[in-house]
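So the structure is just underneath, and the comments pick up after that.
No experiment lies behind these values; they were computed from the predicted model shown.
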2 protein chains.
Amino acid sequence: MSLPDSPSPHTPDAADSPVSRREQIYLVAGRLFSERGYHATSMRDLAAELGIQGGSLYAHISGKEQLLIEIVNRAAAQFDAALFSLRDEALGPQDKLREAMTRHLTVIAENMDSATVFFHEWKHLSAEPLAAVIAWRDGIEAFYRELVREGVQEGVYRADLNVKMAANLVLSSVNWAYTWYRPGGPMSPQDVAVSFERMLLGGLERPEGEA
Amino acid sequence: MSLPDSPSPHTPDAADSPVSRREQIYLVAGRLFSERGYHATSMRDLAAELGIQGGSLYAHISGKEQLLIEIVNRAAAQFDAALFSLRDEALGPQDKLREAMTRHLTVIAENMDSATVFFHEWKHLSAEPLAAVIAWRDGIEAFYRELVREGVQEGVYRADLNVKMAANLVLSSVNWAYTWYRPGGPMSPQDVAVSFERMLLGGLERPEGEA
DNA sequence: CCTACCGATCGGTAGG
DNA sequence: CCTACCGATCGGTAGG
């Protein structure tokens with residue numbers, strides 16, 4: 001047994017690799033940050049949840065803010081991966097919007113913790129990562145405005161639409177989901193997207209001349 | 001000059017009554033909590049902003065959580081006052097919905113700080129005030145569902161509407177405003193409400209058979 | 001409203 | 001991964 005002396009004496013089961021331990025820390029941090037908030041979660045809270053001492057965390061991570069940065073950046077990356085690939089797909093404006101909303105909601109639904117941290121705690125980042133998040137947000141808004149503009153130009157949306165406000169409305173509907181959506185409930189993210197999209201595109205009002 | 005010895009020697013200008021000082025504390029606390037978050041704002045930060053020492057705050061207020069409770073409760077009371085009076089007004093469903101959205105957005109727009117604290121920091125309340133906020137939220141949701149149900153029953157909204165999801169969509173659009181609305185910008189809360197309400201009721205799609 | 005102070009807890013480090 | 005510790009800061013109080 002000539003293991004290098006890195007894992008040290010007190011390693012518990014020798015089952016967890018350092019990598020997965022690191023991931024485990026991010027996972028639990030995401031949950032705690034989402035439940036209690038970033039500043040109300042102490043490194044000792046986090047360590048206790050993992051069954052280790054506070055100082056031991058620093059063998060795996062460099063500091064508390066690194067946790068927040070990583071969680072926020074990963075969430076942003078997931079939105080990007082889900083949404084931006086849509087740009088080149090050959091879909092009509094409505095299908096594209098519905099698909100964007102479905103993917104947007106799915107990212108939130110499958111990552112409720114990180115999504116909550118993302119929307120709630122990004123303000124606590126320091127200057128550089130903060131600027132990155134703001135740039136990300138601007139990019140997403142531009143993406144949705146583009147989807148709306150396409151629909152207007154192709155004549156399928158009302159010509160007098162305020163593109164910015166329409167994109168705003170769509171974004172409101174999907175972003176706010178992190179406050180109420182519960183995975184495992186009766187509706188899948190797709191169900192929510194279809195429901196929202198029908199109401200947004202067709203309107204709540206009964207069309208003239210229908211029974 | 002036989003004033004009671006309460007205001008103490010160091011009173012600065014003798015212009016501020018104890019009441020307005022208290023209000024001033026709530027006002028600044030609202031701003032700081034909204035900018036930095038509840039837990040990232042220290043009582044010393046707050047005191048410094050007011051030009052006094054940390055301990056001096058406790059001559060006016062009982063504790064940090066009282067500040068949060070008060071800010072949150074006042075915000076809830078403003079929403080209640082603005083919205084629930086609408087129940088008895090003789091308006092058609094669409095007018096009622098538009099008016100509700102306008103008032104809802106106006107409360108947010110005129111109290112951006114408290115609204116932000118309200119939506120962002122309520123989770124940090126202790127059990128009793130927390131339960132009150134949750135009850136409040138349920139009441140507001142019920143209110144909007146009622147507005148939607150009225151419209152369906154009177155036949156002005158689509159008969160196949162999912163009432164819960166429709167109310168959800170409306171609430172998303174107005175609540176999310178605290179993240180993007182900027183008072184003093186080009187749009188009044190009323191402008192936003194009218195814009196959102198047109199899109200929500202009439203839909204984004206161009207009606208069949210229109211130019 | 002201030003000075004001076006309290007115990008508790010914070011993020012993080014040294015050395016093993 | 002632990003023990004033991006660091007300086008800093010927290011919310012809050014006593015006494016004036």
Side-chain angles (χ1 to χ4, degrees), chain A residues 3-26 28-29 32-33 36-71 117 121 124-126 129, chain B residues 1 3-26 28-29 32-33 36-71 121 124-126 129:
Chain A
L3 285 167
D5 51 21
S6 350
S8 96
H10 296 83
T11 308
D13 265 24
D16 302 300
S17 77
V19 175
S20 94
R21 186 49 144 175
R22 215 181 135 97
E23 287 311 308
Q24 198 185 356
I25 292 173
Y26 284 121
V28 176
L32 294 186
F33 289 174
R36 314 179 186 178
Y38 176 67
H39 279 107
T41 304
S42 76
M43 295 304 271
R44 283 164 180 80
D45 291 340
L46 176 54
E49 204 84 3
L50 291 157
I52 61 177
Q53 295 300 313
S56 306
L57 288 168
Y58 295 85
H60 302 97
I61 55 142
S62 66
K64 192 182 182 184
E65 205 199 350
Q66 188 206 353
L67 292 175
L68 182 57
I69 294 175
E70 196 80 19
I71 293 169
V117 174
E121 313 292 339
H124 299 121
L125 289 166
S126 53
Chain B
M1 306 269 262
L3 284 167
D5 51 22
S6 350
S8 98
H10 296 84
T11 308
D13 266 22
D16 301 300
S17 77
V19 176
S20 94
R21 186 49 144 173
R22 215 181 133 99
E23 288 311 308
Q24 198 185 357
I25 292 174
Y26 283 122
V28 176
L32 293 187
F33 289 174
R36 315 178 187 177
Y38 176 68
H39 279 106
T41 304
S42 76
M43 294 305 272
R44 284 164 180 81
D45 290 340
L46 175 54
E49 204 83 4
L50 291 157
I52 61 177
Q53 295 301 312
S56 306
L57 288 168
Y58 294 85
H60 303 97
I61 55 143
S62 66
K64 192 182 182 184
E65 204 199 350
Q66 188 205 354
L67 293 174
L68 182 58
I69 293 175
E70 197 79 17
I71 293 169
E121 313 291 339
H124 299 121
L125 289 166
S126 51

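For A:Gly54 against A:Arg44, the heavy-atom pair with the smallest separation is CA-CG, 4.4 Å. Considering every non-hydrogen atom in both B:Leu67 and B:Ala29, the closest pair reads CD1-CB, 4.1 Å. For the pair B:Thr41 and B:Lys64, the tightest heavy-atom approach, listed with the atom from each and the gap, is O-NZ, 2.7 Å.
Every residue two or more places apart in sequence or in another chain that forms a side chain to side chain contact (heavy atoms under 4.5 Å, CB included) with A:His124 is listed here: A:Tyr38, A:His39, A:Leu68, A:Glu121, B:Ala40.
Within the shown strands, D:dC2 is the pairing partner of C:dG15 under the Watson-Crick or G-U definition, both distances less than 3.5 Å. Pair check for C:dG7 finds D:dC10; Watson-Crick or G-U wobble, both atom distances under 3.5 Å.
Residues B:Glu70 and B:Ile25 fail the side-chain proximity criterion, which asks for heavy atoms closer than 4.5 Å.
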Any N/O pairs under 3.5 Å between the protein and nucleotides 6-11 of chain C? List them or say none.
{"residue": "C:dC10", "atom": "OP1", "partner": "A:Ser42", "partner atom": "OG", "Å": "3.4"}
{"residue": "C:dG11", "atom": "OP1", "partner": "A:Thr41", "partner atom": "O", "Å": "3.4"}
{"residue": "C:dG11", "atom": "OP1", "partner": "A:Lys64", "partner atom": "NZ", "Å": "2.9"}
{"residue": "C:dG11", "atom": "OP2", "partner": "A:Met43", "partner atom": "N", "Å": "2.8"}
{"residue": "C:dG11", "atom": "N7", "partner": "A:Arg44", "partner atom": "NH1", "Å": "2.7"}
{"residue": "C:dG11", "atom": "O6", "partner": "A:Arg44", "partner atom": "NH2", "Å": "3.0"}

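For the atom pair CG of A:Leu57 and CG of A:Leu46, the computed distance is 5.0 Å after rounding to the nearest 0.5 Å.
Proximity note for B:Gln53 (side chain, C-beta onward) versus C:dT3, D:dT3, D:dC1: the nearest is C:dT3.
Between the C1' atom of D:dC2 and the CG atom of A:Leu50 lies a distance of 15 Å, rounded to the nearest Å.
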